[in-house]
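Beneath this line is the structure, given in structure tokens, with notes to follow.
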2 protein chains.
Amino acid sequence: MQLKRADIVTAAIALLDAEGLDGLTMRKLGARLGVQAGAIYWHFKDKEALLGAMADRMIGESADPPLAPGTWDAQLTEYATRARRALLAHRDGARVMAGTYVQEQNTVHAGEMGVRILTDAGYPLDRAGWVIFSLMYYVLGYTIEEQAQAQAGDWEDRGIEDTALLSAMSDVVRSDPDERFAYGLGLFMDGVRLRLAEALS
Amino acid sequence: MQLKRADIVTAAIALLDAEGLDGLTMRKLGARLGVQAGAIYWHFKDKEALLGAMADRMIGESADPPLAPGTWDAQLTEYATRARRALLAHRDGARVMAGTYVQEQNTVHAGEMGVRILTDAGYPLDRAGWVIFSLMYYVLGYTIEEQAQAQAGDWEDRGIEDTALLSAMSDVVRSDPDERFAYGLGLFMDGVRLRLAEALS
DNA sequence: ACCTGAACACCGTTCAAGT
DNA sequence: ACCTGAACACCGTTCAAGT
């Protein structure tokens, strides 16, 4: 059977899950596909292009089922939550996404979908994109750290003077991830709500 | 003269600026310092530890002068803006920060400083850390993309159906970076403002 | 058109040995 | 304590040659 782009991406994500981003090498990927590493270069310009396709696949996996009808803020919350889940679904998923400037189908469509949630609610078209991008930055940053924490140590014992402030900082990463994600998302949503009310008045 | 950790970090950042993150290798760094690559491993456990120290140095560079007195929201805006500037100041600065789970002095102190801005204004201590982390995720995500855009192509000509939504997406990355950064930051600040008012009432 | 084999030009990291 | 020299075990990428 001949190698297809889609199969390479599937195998690459499986390899990512098994060995992490540092273990994702073209040689190991070739071995999984039963070809030489060089063969992959006939299908992808370079490793970065492959990583871009992997990121786009991950985003695509979170696209269906279509968002349930509802208020714009319920939809946007679900939208952001799905993006987080999509990145958490694969080892180092957030780092893969952050490391590549993705401009592929699923990613673009996901962006358009977000913009539509807002414009349907009456948000100005020329600012809806700004909101969606900002939201994605939050989601990306959050999940990068969430996945990094697994293999990181604690915040204490760093020879830094212990204060109420420091313990407030170290408590952050020990809090419930879902709850904390929702909290930051809520800050954001409040801002969107205010601007929407302004635009509609 | 003997090698000091601080000198290694300084040289590493200079090399980063000159060649980018992909060009930052232990051998080239050694050459800049006039030592073998292996010598660096006496001072840093591995490359990741060095990258962490580099990230911490960058954060440190944005710490002074102390924030001017003023309202909490003016201070927090300045705080976030400085963080962005700190990452933009060095090539691939945001990617360096994102790639390492930094828990060093300057970074911790910067975090504490952010928390203090909020708690001084009356924000609950156990939520101030959540706010500051969320803010940093936004800043990090924003600057990662900002620095990635330099070497990326356009959003058009990808064989995707051209719609008003798509052009809204592609307009985003063409907008004024400072203005768009401030806009997303503003969404966030509104949420903080609302919760602060709640806490004070 | 699609892949192999083999090479090129590198990497990060380790470690005996030197000073 | 701090660094050299040299090796180990890899990398991403290219490209003539095969089918």
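First the proteins, then the strands, lettered A, B, ... as listed; each starts at 1. Everything numeric here is computed off the predicted structure, so don't read it as measured data.
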* Glu48(B) CD: over 12 foreign heavy atoms closer than 6.0 Å -> no

* Structure fact -> Rounded to whole Å, the NZ-P distance (Lys4(B) to dC2(D)) equals 8 Å

* Asked: Given that both pair distances must be under 3.5 Å and the pair must be Watson-Crick or G-U, what runs of three or more consecutive pairs involve DNA chain D?
  -> C:4-8 with D:12-16, C:12-16 with D:4-8

Is [Y] paired with [X] through a side-chain N to carboxylate O contact shorter than 4.0 Å?
X	Y	value
Glu145(B)	Arg180(B)	yes
Arg91(B)	Asp22(B)	no
Asp7(B)	Lys4(B)	no

* Under 30°, 30 to 60°, or over 60°: which ring-plane class applies to Phe181(A) and Tyr142(A), parallel, tilted or perpendicular? -> perpendicular

* Asked: Where does the angle between the aromatic ring planes of Tyr138(A) and Tyr137(B) fall among parallel (under 30°), tilted (30 to 60°) and perpendicular (over 60°)?
  -> tilted

Report yes or no: does [X] contribute a side-chain atom to a donor-acceptor pair with the main-chain N or O of [Y] at less than 3.5 Å?
X	Y	result
Arg82(A)	Ala63(A)	yes
Thr163(B)	Leu166(B)	yes
Asp176(B)	Glu179(B)	yes

* Can you list, by residue number, the residues of residues 38-54 of chain B that have a non-hydrogen atom closer than 4.0 angstrom to DNA chain C? -> Gly38(B), Tyr41(B), Asp46(B), Lys47(B)

* To do: Enumerate the residues from residues 13-37 of chain A whose closest heavy atom to DNA chain C is under 4.0 Å, giving them by residue number; use none for an empty result.
  => Gly34(A), Val35(A), Gln36(A)

* Residue pair Asp190(A) / Leu194(A), side-chain heavy-atom distance below 4.5 Å -> no

* Asked: Say you pick atom P in dA9(C) and the same atom in dC10(D); how far apart are they, in whole Å?
  -> 22 Å

